[in-house]
**Q** 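Sharing a structure below in structure tokens format, with a few things to ask.
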Amino acid sequence: MEKKRSISMAVIKRLPKYYRYLRELDKNDVDRISSKELSEKIGFTASQIRQDLNCFGDFGQQGYGYNVKDLLYQISVILGLNKAYNTVIIGAGNIGQAIANYTTFDKMSFNLKGIFDLNVKLIGLKIRDIEIKDMDELEGFLQEEEIDIAIICVPKSRAQGVVDMVTNKGVKAIWNFAPIDLKVADDVIVENVHLSESLMTLSYLINERNEARELTEEE
Ligand code: NAI
């Protein structure tokens, strides 16, 4: 595990994909897989796979490949998915409600403990069995509950203020949906989710493809 600190973000970002594929293999009772077979499924080269997985330890065996269950377990430990996390959603509008309704996060042990908003029309409504509470109650709630992750779904003009408040109350990880670069203390981790950035990448690729087509047609 000591090696983990020097692992590049690019490798870390690939791990969930390994996890997803290995889980599927495990569900289908596949016991072992070679880096070549895994490469065909996952779309990374076999040498990339060997390199990535070597960063974390000696998982594969020459001539045998990877034991799916072992590797799945190791990756889940590396990703911290063998632990449970308490979460709170702040902002119960479109995005906040969509996330609250997505039960898979709970199945992954990201346990939703509370939903907060300041809109009186939303306060008191329930999403699954969780009542949307008034922001005024958030401070007290954070003192009582050990919340690991705050999920920020408020407008961008409100996001920094909300984040300051929750981090001052001890929340050390932020899953940020607001389109703003948050300023936080060094010991607070922020993971941004910006669908619009992904959409911009898609639009770039669409245009690149179309330009390439036009060039071919001109030839
Ligand atoms: P929305 O307007 O439907 O919901 C925002 C909610 O935040 C409202 O219910 C509002 O009452 C509440 N709110 C406002 N100020 C608050 C405060 N200080 N404390 C607690 N609650 C507060 O907006 P929507 O569509 O759900 O978007 C939410 C955020 O997510 C926005 O910042 C938006 O730009 C962003 N967004 C991000 C996307 C992404 O890809 N990450 C995609 C779409 C939106």
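Excluded from the calculations below are hydrogen atoms, water molecules and symmetry mates; all remaining heavy atoms, backbone and side chain alike, are included. Just follow the structure's listing: the first ligand is 1, and inside any ligand the first atom is 1. Here the structure is a predicted model, which is why all the values come from computation and not from measurement.
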**Q** Give a yes or no on whether the ring-centroid distance for F110 and W175 is below 6.0 angstrom.
**A**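 No, the ring of F110 stays outside the 6.0 Å limit from the ring of W175, centre to centre.
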**Q** Inspect the contact between E144 and K169 and indicate whether a charged nitrogen and a carboxylate oxygen are less than 4.0 angstrom apart.
**A** no
**Q** Short question: side chain of R23, backbone of L72 - any donor-acceptor pair under 3.5 Å?
**A** no
**Q** Taking only heavy atoms of the protein into account, state which residues are under 4.0 angstrom from an atom of ligand 1, in chain and number order.
**A**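 Under the 4.0 Å cut-off, ligand 1 touches I90, G91, A92, G93, N94, I95, D117, L118, N119, L122, M135, C153, V154, P155, K156, R158, V162, F177, A178, P179, V193, H194, L195, S196.
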**Q** Establish, from distance only, whether the side-chain atoms of Q74 and D70 form a donor-acceptor pair under 3.5 Å.
**A**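 Judged by distance alone, the side chains do not pair up.
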**Q** Decide whether N86 and D148 meet the rule of one side-chain donor and one side-chain acceptor closer than 3.5 Å.
**A** no
**Q** Does the side chain of T167 reach to within under 4.5 Å of the side chain of I174, using non-hydrogen atoms?
**A**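 Yes, close enough: below the 4.5 Å cut-off.
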